[in-house]
J.: 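This is the structure I want to talk about, given as structure tokens.
Each chain gets a letter, A, B and so on, in the order its sequence line appears, and its residues count up from 1.
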There are 2 protein chains.
Amino acid sequence: MEAVLSRKEQIEQTATSLFKTRGFSATSMRDLANALGIEAASIYSHIKSKEEILQRVCFRMANEFFEAQDKAAALDGSASDKLKNAIKAHVKVLTHNTEASAVFLHEWRHLSEPFHGTFLELRDKYENRFREIIRSGIESGEFQVPDEKFAVLTILSGLNWLHTWYKPEGKMTADEIADNLSAMLLNGMKNNQN
Amino acid sequence: MEAVLSRKEQIEQTATSLFKTRGFSATSMRDLANALGIEAASIYSHIKSKEEILQRVCFRMANEFFEAQDKAAALDGSASDKLKNAIKAHVKVLTHNTEASAVFLHEWRHLSEPFHGTFLELRDKYENRFREIIRSGIESGEFQVPDEKFAVLTILSGLNWLHTWYKPEGKMTADEIADNLSAMLLNGMKNNQN
DNA sequence: TAAATTTGCTAACGAACGTTAGGTTGCTTA
DNA sequence: TAAGCAACCTAACGTTCGTTAGCAAATTTA
């Protein structure tokens, strides 16, 4: 049931794997060609430049995160529920796409302008959605945190390390991980008096 | 009251700053020289190679983390206290040395063998100390977590994103940040029945 | 003051880099 | 069967890279 990948997609996938383990700058086109079993120059039949690969990966993942977040936001419930759903959506994208997520999280700084700027704007927008959920939870008395920006960063930090150790073969499923993460983070934030 | 830096230390410091913002591979010796106001070749009067700088930064920071952790471990108390102290120690090192911490956390993979291997062993040893604290807390019934390795990774993940946004001029002091982080993470882990 | 050390320079090395030009092969479609 | 296209090749380009050699000036030490 494997999807048939176009050559361009194969290149992107192989590059993603190399970018994750060695980094964008430390991966040469000759390394990539070698991993594909062809010559470096041949890659240019399919892509315009090395950076184009990075751009495609970064913005494709940005899209995936936004789409997952949108779906989660369509559900209603308390702020806790909303936050749990947003976390679950985020973890699902991360675990379904570990390598591309790693590139998305760490290699975006090698984008040139205007891509670099656009990327940062998207990331900010994404984080703001989390911030809004937390703000509404603070207003309703559900959450008790010292600083909402601080809370968001800590949450996302906790999530974004996932790709470094998550293995699909591991004993926890993506949903279990999301539940455990939600439990750890949320109960720490919930006002215990309520 | 500024410490007088040797030329070698100046080079290390400037390099650290560049490695943080652009990454090790994307920083050339000519970039570094330019930032120092000298020629690239002149740097080699002080260091043996580009990688030597990375080695010095990585292992110096490893030392700092271990020393801080040792001091914290000397205090006694409940598992919660021990964890709080370990977190405080970790945050203190992170905040006192943001740029070097960023390099320590992200650029170590560009170390060649045997440094790469040694570094990973040290990191594992460091994480194990956290794991032991949590294990003892689970045994004593203080903590209630699904998986101890999972808990450690989530804690350290939450801490290790700090360097990306922490500014010494910010409104929170290092101690306040450590307290807030402990509160967020610990209360989420504590068994609420106790 | 002589010797040693520190700090920097210019010039250049060989290797590796991203990329382009131009051509060949083999499959697919009209 | 002819045309078009996808996929890859060899050869090479100009540039940048980390680094070395050899030398000069300034500063520190004896």
J.: Rounded to whole angstrom units, what separation is found between the CD atom of B:Glu51 and the C1' atom of D:dT19?
T.: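 Atom-to-atom, B:Glu51 to D:dT19, this comes out as 14 Å.
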
J.: Is any side-chain N or O of A:His46 closer than 4.0 Å to OP1 or OP2 of D:dA6?
T.: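 Checking D:dA6 against A:His46, no side-chain N or O comes under 4.0 Å of OP1 or OP2.
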
J.: Tell me: CG of A:Leu32 to P of C:dT19, nearest whole Å?
T.: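 It is 12 Å, rounded to the nearest whole Å.
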
J.: Could you state the CD-P distance from B:Glu39 to D:dG18, rounded to the nearest angstrom?
T.: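 Distance check: B:Glu39 CD to D:dG18 P gives 14 Å.
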
J.: Cation over ring, A:Lys50 on A:Phe24, under 6.0 Å and within 45°?
T.: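 Cation-pi check for A:Lys50 and A:Phe24: passes.
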
J.: Checking B:Thr21 side chain against B:Ser17 main chain: does a donor-acceptor pair fall under 3.5 Å?
T.: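 Judged by distance alone, yes, a pair lies under 3.5 Å.
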
J.: Picking from C:dT10, D:dG18, D:dA7, which would you name as closest to the side chain of A:Arg7?
T.: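 In terms of side-chain proximity for A:Arg7, the closest of C:dT10, D:dG18, D:dA7 is D:dA7.
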
J.: Distance check needed: C:dC9 P versus B:Leu36 CG, whole Å only.
T.: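 In whole Å, C:dC9 P and B:Leu36 CG are 10 Å from each other.
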
J.: If you assign B:Ile11 and A:Ser28 each to the DNA chain C nucleotide with the nearest heavy atom, which residue ends up on the more 5' nucleotide?
T.: B:Ile11

J.: Considering every strand and a 4.0 Å limit on heavy-atom distances, what is the contact class for A:Thr27: base, sugar-phosphate, or nothing?
T.: sugar-phosphate

J.: Rounded to whole Å, how long is the line connecting atom CD1 of A:Ile47 with atom P of C:dT19?
T.: 7 Å

J.: What is the distance, to the nearest angstrom, from the OH atom on B:Tyr44 to the P atom on D:dC17?
T.: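 Those two atoms, OH and P, are 12 Å apart.
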
J.: Relative to each other, are the rings of A:His90 and A:Tyr126 parallel, tilted or perpendicular (30° and 60° limits)?
T.: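 Tilted, since the angle between the ring planes falls between 30° and 60°.
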
J.: Rounded to the nearest Å, what distance is computed from the NZ atom of residue A:Lys8 to the P atom of nucleotide D:dC5?
T.: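 Rounding to the nearest Å, NZ of A:Lys8 and P of D:dC5 are 17 Å apart.
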
J.: Is A:Lys20 close enough and on-axis enough to A:Phe104, meaning under 6.0 Å and within 45°, for cation-pi?
T.: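 Because its charged atom misses either the 6.0 Å distance or the 45° angle limit, A:Lys20 does not stack over A:Phe104.
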
J.: For the pair made of CZ in B:Arg30 and C1' in D:dT20, what is the distance, rounded to whole Å?
T.: 12 Å

J.: By nearest nucleotide on DNA chain D, pick out whichever of A:Gly37 and B:Ala41 is the more 5' one.
T.: A:Gly37

J.: Return whichever of A:Ala26 or A:Ser45 has its heavy-atom-nearest nucleotide of DNA chain C closer to the 5' end.
T.: A:Ala26

J.: When you compare the side chain of A:Ser101 with that of A:Phe65, does any pair of heavy atoms fall below 4.5 Å?
T.: yes

